[in-house]
Amino acid sequence: MATVQASMAGNVWKVLVSEGEEVKAGQDVVILESMKMEIPIAAEEDGTVRKVHINEGDFVNEADALVDVE
Amino acid sequence: MFSKILIANRGEIALRIIRTCQKLRIQTVAVYSEADADSLFVRQADEAFCIGKPQVNLSYLNADEIIRVAKASGAEAVHPGYGLLSENASFAQKCIDEGLVFIGPSPSILSAMGSKIEARKTMKQAGVPIIEGVNIPLENEEEAKEAAKSIGYPLMLKASAGGGGIGMQLVHSDEELVKAFAGNKKRAESFFGDGAMFLEKYIQKPHHIEVQILADSHGQVIPLWERECSIQRRNQKVVEEAPSPFISEETRSCMLDAAVKAAQHIGYTNAGTIEFLVDHEQNFYFLEMNTRLQVEHPVTEEITGLDLVEEQLKVAAGERLALTREAVQRNGHAIEVRIYAEDPKTFFPSPGQITEFELPQGEGIRNECAIEAGSAVTPFYDPMIGKLIAWGATREEACTRMQAALDQFKIEGIKTNIPMLKKIVSHKQFLKGLTTTQFVEEYYLPELTTTK
């Protein structure tokens with residue numbers, strides 16, 4: 001299982017996937033908003049989304065778990 | 001004149017306003033979020049009140065709380081700075097309704113100029129040239145394609161309520177337009193609460209040149225020359241200078257006249273900026289009007305010797321401008337660079353703790369900076385952490401001073417765009433004054449890949 005982490009601190013602007021969804025490596029799964037900029041966060045490997053740890057509007061710190069992919 | 005004002009902003013611009021107030025013996029009230037409790041501007045203000053959590057919508061955009069603090073502290077006026085609530089008509093109206101002076105133009109001007117579509121129509125009526133385009137909001141892809149047919153590609157798709165490059169995209173074909181439309185509309189809705197979109201003809205390699213004006217409530221409008229702000233990344237300015245090295249005296253004089261005409265037509269008051277795009281033949285077109293103090297106002301101050309915040313306060317207090325167009329002489333050349341907390345290659349933000357910090361000093365060097373060693377750059381606000389300004393008797397001297405100052409600038413702990421700024425201000429195209437809005441794409445980014 002791989003956990004997609006926040007690359008920097010910020011607010012969760014958009015959650016683009018839901019649990020059970022198939023994703024491909026490189027596909028954006030979450031968009032963070034940090035310092036007035038959209039930061040897309042992509043899955044690193046192919047798999048199925050097992051868990052979404054965050055909700056839109058949440059604040060996350062760098063390295064916080066966003067989504068588990070298996 | 002006022003005896004006490006509230007500053008509804010943060011960072012370097014809050015400090016900048018405090019400085020002028022201290023000079024004029026006006027008491028200052030700062031408002032701050034929990035994330036800014038240790039900031040310089042909070043300590044420098046005569047009074048400071050925490051107004052909420054770090055996120056802007058819970059603090060710096062909380063109009064009611066800011067107005068409550070203003071009244072409770074006995075402030076007579078509110079300076080909104082730039083960004084945040086500075087162009088928010090309902091905030092300005094609330095201030096007025098509560099008996100506070102809003103330091104800026106009237107709410108009706110804020111809303112008229114806040115809509116780019118409305119502003120285009122108004123400027124056309126005023127006789128100011130606008131870019132060929134549509135003056136009605138486009139509902140969907142079909143309407144957009146229809147409009148595109150009558151103007152012709154390439155086109156800029158823009159959000160009427162947009163700013164900072166958000167909701168804006170260059171499109172070359174129906175296919176690209178359709179692909180870009182929904183996403184940008186959605187982005188505009190989410191960022192500005194208004195998804196109205198329009199199209200403008202794309203001007204190839206334009207210069208972004210803006211005219212600073214001051215207008216009092218007695219009908220006097222005075223232009224304070226222009227600023228060249230063509231060097232941008234992510235559609236946001238990075239390097240600004242005054243005067244523009246590109247336009248002729250004849251173009252300059254026409255642009256200043258157009259700006260005065262625009263301000264007079266709408267009955268503008270306070271400091272404002274009319275932005276123009278200028279093509280390679282020096283034809284100029286209205287882009288938008290910024291109804292507030294601009295980030296880059298220091299370059300105008302450096303060449304005119306004026307204090308724009310002081311002028312804003314005087315105008316807001318009902319005084320007459322003690323200036324004439326002829327009396328505002330320009331002297332020398334000034335360049336400003338914006339210091340951003342970001343990766344100089346990807347332009348991604350870089351929040352963090354600043355460990356070492358030392359500002360450059362020297363003849364003609366001015367710093368507008370709100371951080372110090374130990375400051376934390378948080379992810380909640382704009383990545384701009386300061387501005388460095390260099391003045392010289394000639395453009396060449398200003399460039400040399402800027403290069404030396406950037407070499408001296410010491411900041412550790414976070415990434416900044418200083419390496420990028422050094423490359424720009426020593427680039428031969430820049431030194432020749434050949435700066436278009438494509439500068440970063442044409443001359444900066446390619447060097448990154450070839451010198452690796």
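Just so we're on the same page: letters track the sequence lines, and every chain starts at 1.
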**Message:** Using side chain to side chain contact (heavy atoms under 4.5 Å, CB included), reason through Glu38(A) and Arg187(B) one step at a time and then give a plain yes or no.
**Reply:** CA-CA 10 Å; Glu38(A) 294 168 38; Arg187(B) 211 163 283 134; 2.9 Å; yes
**Item:** Lys53(B) atom NZ, over 12 foreign heavy atoms within 6.0 Å
**Value:** no
**Item:** Heavy-atom closest pair, residues Ala9(A) and Pro379(B)
**Value:** O-CB, 3.4 Å
**Message:** Taking 4.5 Å as the heavy-atom cut-off, does anything in residues 54-66 of chain B contact chain A, and if so which residues?
**Reply:** Gln55(B)
**Request:** Working to the nearest 0.5 Å, report the span between CD of Gln236(B) and NZ of Lys36(A).
**Result:** 6.5 Å
**Message:** Which atoms of Ser190(B) are under 4.5 Å from chain A, going by heavy atoms: the side chain, the backbone, both sets, or neither?
**Reply:** side chain
**Item:** Pro383(B) to Met35(A) - nearest heavy-atom pair and separation
**Value:** CD-O, 3.3 Å
**Item:** Structural part of Phe191(B) lying under 4.5 Å from a heavy atom of chain A
**Value:** side chain
**Message:** Within the supplied structure, the quantity of interest is the number of heavy atoms (other residues, nucleotides, ligands) at a distance under 6.0 Å from Gln353(B) CD; does it exceed 12?
**Reply:** yes
**Fill in**
Asp38(B) meets the salt bridge (charged side-chain N to carboxylate O under 4.0 Å, His left out) criterion, sequence neighbours left out, with none
**Prompt:** Do other residues, nucleotides or ligands put more than 12 heavy atoms under 6.0 Å from the NZ atom of Lys415(B)?
**Reply:** no
**Side-chain heavy atoms of Met37(A) within contact of Glu342(B), under 4.5 Å** = no
